[in-house]
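Notes follow once the structure below has been shown.
We count ligands from 1, going down the list as the structure has it; atoms in each ligand are counted the same way.
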Amino acid sequence: MEPGTSTSDERVLPPVEEMAAWLDGRHPGGDGVLASRARETMLAEVGPAVHMRGLLEFSNSCTQGCYYCGIRNDAGRSVRGVRRAESVPLRFTLSESEILDAARHCLNAGFGSMTLQSGERRDPAFVAFVERILRRIKAETTTPELPEGLGITLCVGEQRRDVYERFFNAGAHRYLLRIETSDPDLFARLHPPPQSFDRRVQALTELQEIGYQVGTGVMIGLPGQGGEELARDISFFAAIDADMIGMGPYIEAPGSAYVEMNRRSLLPAGSTAERLRRALRMIAVTRIALRDVNIAATTALQALSPTGREAGLMFGANVLMPIVTPGSRRDSYQLYQGKPCIDEAAEACTACIIGRAARVSRPVTQNGWGDAPHATRKGRIPA
Ligand code: SAH
């Protein structure tokens, strides 16, 4: 296919009612048939390979107050006079050399790409820091196999357009910003001002205009969210023409963030098993509907089941994000309770994650960026 031509313009989504029924567990023949259909679509559109992105959680400092998140701005503050030591995340930002060590680890492991994630800060010092580390990673990970260095996905929240441009010019070529839910009212219940649904959508549009490959996604198991709401989320992904999707089950937050979540009636809906099943169905239906995008089997799946990420691959996901955050910092980056792998080192995670792909008979991309065919077809590849 010629670059710039697109299949997605001809992409026809299944009707919302049909997707809703599948998401509610009413696919003809059951979830096993749904998963096989998703795998068939995956094989035809993106192939069997699993692309790795080493996930570096480089800072938990955050200015935002998302009620569900364990690193929200005031996590650890006393709630009604009670302050529990275990609920206070020790705030950290890795040094440049720690970040470069992690990048080299990704390079040596053959991952080809890394994701830099943090809480949301917009101050000039933070922006300049991120810009500098992007340039250094690019400069220091250029090899014969990766002539343009590691592929970098950035996940540092909402920023001004000119900041997104600076990050793009410094070498980030993919950006993850979840919409969290495509229902504006539910978004407003989950996110205190100044965050707004419209601003988040605008940020996604700006990222695309700048030339990023854009990823978005939702949490699964939010209060009031059933099959129909999830089907509308998939329609939203199509409407904004996302290249990548990252989604996972919604999980209780640790410490004081849990108290806030509970106080606002925002606790997850449905049992752990039901949320996991829904999350897997969501991956499958998204694959069937969106076809040629990259879809991650996220860490949160594994928080609900030891083999959650393998299951994600079986339901049509094609990206894994092994955590490469230094072991000593992992317990300070607990977005939700029961986050796996927090007592492990990057080396152990690397071996483990490659094993997970192998156990479901999937090859792993070595030394490649693993961009989504959807992005390539749309011409969203950095010059
Ligand atoms: N500050 C960045 C990174 C946020 S953390 C940003 O705003 O994009 C990455 C993702 O973790 C979030 O987008 C959210 O979907 C997920 N997350 C946070 N708390 C969670 C919880 N309690 N359960 C499940 N996922 C959660």
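- Residue contacts with ligand 1 for Cys62 are absent, since no atom lies close enough (heavy atoms, distance under 4.0 Å).
- What sits closest to atom 1 (N) of ligand 1 on the protein, heavy atoms only, is Ser118 O, 2.9 Å.
- One finds a salt bridge joining Arg11 and Asp292 here, because a Lys/Arg side-chain nitrogen approaches an Asp/Glu carboxylate oxygen to under 4.0 Å.
- Remark: ligand 1 and Tyr333 share no N or O pair separated by less than 3.5 Å (distance only, no angle test).
- With respect to the salt-bridge test (charged N to carboxylate O, under 4.0 angstrom), the residues Arg174 and Asp371 qualify.
- For atom 17 (N) of ligand 1, the nearest non-hydrogen atom of the protein is Met219 SD, 3.9 Å.
- A distance of 7.5 Å separates CD1 in Ile220 from OG1 in Thr298, rounded to the nearest 0.5 Å.
- Nearest non-hydrogen protein atom to atom 11 (O) of ligand 1 is Leu335 CD1, 3.4 Å.
- Of the candidates Gly157, Ala300, Ala303, Ala279, the one placing a heavy atom closest to atom 8 (O) of ligand 1 is Gly157.
- Distance from atom 15 (O) of ligand 1 to its nearest protein heavy atom, with residue and atom name: Glu180 OE1, 2.6 Å.
- Proximity of Gln117 to ligand 1, defined as any heavy-atom pair under 4.0 Å, is confined to the side chain (atoms from C-beta onward).
- For Gln64, no heavy-atom contact with ligand 1 is shorter than 4.0 Å.
- With salt bridges taken as basic N to acidic carboxylate O contacts below 4.0 Å, one links Arg275 and Glu252.
- Contact annotation: for Cys66 versus ligand 1, there are no heavy atoms closer than 4.0 Å.
- Rounding to the nearest 0.5 Å places CG of Leu290 at 9.0 Å from CG of Asp241.
- Of the listed residues (Tyr258, Tyr175, Tyr68), the one carrying the non-hydrogen atom nearest atom 20 (C) of ligand 1 is Tyr68.
- The pair Glu57-Arg329 fails the salt-bridge criterion, with no side-chain N (NZ, NE, NH1 or NH2) lying under 4.0 Å from an Asp/Glu carboxylate O.
- Taking only nitrogen or oxygen atoms, main chain and side chain alike, Ile251 reaches within less than 3.5 Å of ligand 1.
- Salt-bridge check for Arg37 with Glu40: failed, with every basic side-chain N at 4.0 Å or more from each acidic carboxylate O.
- Between the side chain of Ser182 and the backbone N or O of Phe236, no donor-acceptor pair lies under 3.5 Å.
- Under the rule for a side chain to side chain contact (heavy atoms under 4.5 Å, CB included), the partners of Arg277 that lie at least two apart in sequence or sit in another chain are Asp31, Ala273, Glu274, Arg281.
- By the 3.5 Å distance cut-off applied to N or O atoms, Glu252 is not counted among the residues near ligand 1.
- Scanning all protein heavy atoms for the shortest distance to atom 24 (C) of ligand 1 gives Pro249 O, 3.3 Å.
- The closest protein non-hydrogen atom to atom 16 (C) of ligand 1 is Arg178 NH1, 3.8 Å.
- Salt bridge annotation for Arg199-Glu206: present, with a cationic side-chain nitrogen under 4.0 angstrom from a carboxylate oxygen.
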